[in-house]
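Notes follow once the structure below has been shown.
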Amino acid sequence: DVKVTQSSRYLVKRTGEKVFLECVQDMDHENMFWYRQDPGLGLRLIYFSYDVKMKEKGDIPEGYSVSREKKERFSLILESASTNQTSMYLCASSLLSGRYNEQFFGPGTRLTVL
Amino acid sequence: SQQGEEDPQALSIQEGENATMNCSYKTSINNLQWYRQNSGRGLVHLILIRSNEREKHSGRLRVTLDTSKKSSSLLITASRAADTASYFCATGVYGNKLVFGAGTILRVKS
């Protein structure tokens, strides 16, 4: 079974702090994704990566950056956390090959910025 | 940008009844997927239907796709309390990205 793990289930940070959210997948997937989920808005794509050191902006990249130094690990960075970044963050991975690829999700990190 | 929109936003039914959720989208797609999310957890893939398919079944799930109307429906038959969750449609437009809708919250009462 594909396993996608996220470093924390719950995280509380203060405004202005630098925040790292880590995601690791164990199925050698090329694609990895970071989403944020807010009530009534569904999932919105922040960034995705299709290869090591490769990244592309999603729909809402402002205030975020990412790092992919190894194939299995994709990090989301909040350079200076703000209260409007309080949200549920979901990481996902999928295979690159083929046109119809399901995504496998981690359990999510609920981030609160005070 | 939100591609899929689910309808209804929330649905409450009795155990044993069928649950139907609808998804509408705006642009051409090459596939549509449905996912389930239990409270406070990650999403789990349920079923994928390609743009050249009209209907697909998986256990108690039945998905239809009408590309002329840009809509899909998910039917869960003989629902169980364990089906209580949020359900999301996601459209594959190009590459490997998906665009998710806002979801339908399903509550199955026992």
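Chain naming here is simple, since letters A, B, ... match the order of the sequence lines and numbering starts at 1 in each.
- Residue A:Arg9 places its CZ atom among more than 12 non-hydrogen atoms of other residues, nucleotides or ligands, all under 6.0 Å distant.
- Note on B:Arg80 versus B:Glu15: no salt bridge recorded, every NZ/NE/NH1/NH2 to OD/OE distance being 4.0 Å or above.
- For the pairing with B:Ser73, the side-chain hydrogen bond (donor to acceptor under 3.5 Å, both in side chains) check across B:Thr64, B:Asn22, B:Asp66 returns one residue only, B:Thr64.
- Only the side chain of A:Tyr35 comes within contact range of chain B, with heavy atoms under 4.5 Å apart.
- For the 3.5 Å distance criterion, the side chains of A:Gln103 and B:Gln33 fail to qualify, holding no donor opposite an acceptor.
- Proximity to chain A among residues 40-53 of chain B is limited to B:Gly40, B:Arg41, B:Gly42, B:Leu43, B:His45, B:Leu48, B:Arg50, judged by heavy-atom separations below 4.5 angstrom.
- By the side chain to side chain contact (heavy atoms under 4.5 Å, CB included) test, B:Gln9 is found to be paired with no residue, residues two or more places apart in sequence or in another chain being considered.
- Note that CD1 of B:Ile76 is 13.0 Å distant from CZ of B:Arg62, once rounded to the nearest 0.5 Å.
- With a 4.5 angstrom heavy-atom cutoff, A:Leu43 touches chain B via backbone and side-chain atoms both.
- Aromatic ring centroids of B:Tyr35 and A:Phe105 lie under 6.0 Å apart.
- Residue A:Gln37 touches chain B through its side chain alone, counting heavy-atom pairs closer than 4.5 Å.
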